[in-house]
A.B. asks: 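Sharing a structure with you now.
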Amino acid sequence: GIQVEQSPPDLILQEGANSTLRCNFSDSVNNLQWFHQNPWGQLINLFYIPSGTKQNGRLSATTVATERYSLLYISSSQTTDSGVYFCAVGSGGYNKLIFGAGTRLAVHP
Amino acid sequence: ETGVTQTPRHLVMGMTNKKSLKCEQHLGHNAMYWYKQSAKKPLELMFVYNFKEQTENNSVPSRFSPECPNSSHLFLHLHTLQPEDSALYLCASSHEGLAGTHEQFFGPGTRLTVL
């Protein structure tokens, strides 16, 4: 099956710093989503981005489907950005999301 | 209520108990999913229902029994669970159509502890 690798596994930032999270996947996909999991376990949708570039406030994402990777950019990080960021890809007839292991981000004041 | 809701949010049960998790989506979607998140493993898909029909069972043990009575409701019936089944169980929904697959939205999860 399709493999999803996220890097780095852990990231520690000072408030105000910028960061880039990476997601590599092993096969062609018809869906790619980025999520932020808060401390209570809720998965919050950040981007639905099977290809191209999107921006939402301080966050932006780029997926290069032909090269099988996606990047999530966080600018001017805040303590509320802390948590785990997941990349998930979908392939096949129905939207079976395959999740990466996540990047655990800690933003310190 | 908006989005995807799940009840209960926390559940503690013994290995001989029978309990059910409930999920409801208020988004007009036609596909619903159960995922499991264990402490040591990535989020993994358990079941997929599309138009109330089960289209995926990801080799889940029979002690987990899903039910989808309509496109808005999804249940996960639990019986004779093991301590290793303790995990966060997440429900999701999406709209699936001829144009292709669509974005999934998740509920807040049920944190299950099996004693």
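We name chains A, B, ... by the order of the sequence lines, and we start the count at 1 in each one. If you're wondering where the values come from, they're calculated on a predicted model, not measured in any experiment.
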A.B. asks: Does one hydrophobic cluster hold both A:V84 and A:L97, with members joined at side-chain heavy-atom distances below 4.5 Å?
C.D. replies: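 Yes, A:V84 connects to A:L97 through the hydrophobic network.
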A.B. asks: I'd like to verify something: which residue of B:G107, B:P42, B:P108 has the highest number of heavy-atom pairs under 4.5 Å with chain A?
C.D. replies: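 Most heavy-atom pairs under 4.5 Å with chain A: B:P108.
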A.B. asks: Given side chains that start at C-beta, do those of A:I44 and B:F106 come closer than 4.5 Å, heavy atoms only?
C.D. replies: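 No, side chains not in contact.
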A.B. asks: Please answer: with hydrophobic residues joined when any side-chain heavy atoms are less than 4.5 Å apart, are B:V60 and B:L112 in the same cluster?
C.D. replies: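 Same cluster: B:V60 reaches B:L112 through Ile, Leu, Val, Met, Phe, Trp or Tyr contacts under 4.5 Å.
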A.B. asks: Out of curiosity, B:E44 CD to A:I98 CD1, how far, rounded to the nearest 0.5 Å?
C.D. replies: 10.0 Å
A.B. asks: A:L32 and A:Y85: same hydrophobic cluster, using ILVMFWY side-chain contacts below 4.5 Å?
C.D. replies: yes
A.B. asks: Donor-acceptor pair, distance only, cut-off 3.5 Å: does the side chain of A:N31 make one with the backbone of B:E103?
C.D. replies: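 Here the side-chain-to-backbone pair does not exist.
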A.B. asks: Take atom CZ of A:R104 as the centre, draw a 6.0 Å sphere, and report whether it contains more than 12 heavy atoms from other residues, nucleotides or ligands.
C.D. replies: no
A.B. asks: At a heavy-atom separation under 4.5 Å, does B:Q37 approach chain A through its side chain, its backbone, both, or neither?
C.D. replies: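 The side chain, not the backbone.
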A.B. asks: Please answer whether the main-chain N or O of B:G109 pairs with a side-chain N or O of A:Q42 as donor and acceptor at a distance below 3.5 Å.
C.D. replies: no
A.B. asks: Against chain B, label A:Q6 side chain, backbone, both or neither, depending on which of its atoms sit under 4.5 Å from a heavy atom there.
C.D. replies: neither
A.B. asks: In this structure, would B:Y35 and B:F64 fall into the same cluster of hydrophobic residues linked by side-chain contacts under 4.5 Å?
C.D. replies: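 They do not share one cluster, since no chain of ILVMFWY contacts under 4.5 Å joins B:Y35 to B:F64.
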A.B. asks: Side-chain contact test, heavy atoms from C-beta onward, threshold under 4.5 Å: evaluate it for A:L43 versus B:L90 and give yes or no.
C.D. replies: yes
A.B. asks: Which heavy-atom pair separates A:N45 from B:Q104 by the least distance, and what is that distance?
C.D. replies: ND2-O, 2.8 Å
A.B. asks: Indicate if A:F47 and B:F105 have the same hydrophobic cluster label, given that clusters are the connected sets of ILVMFWY residues with side-chain heavy-atom separations under 4.5 angstrom.
C.D. replies: no
A.B. asks: To the nearest 0.5 Å, what is the distance between CG on B:L88 and CD on A:Q37?
C.D. replies: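 Those atoms lie 6.5 Å apart.
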A.B. asks: Tell me, yes or no, whether the heavy-atom count around A:Q55 atom CD, taken from other residues, nucleotides or ligands under 6.0 Å, exceeds 12.
C.D. replies: yes
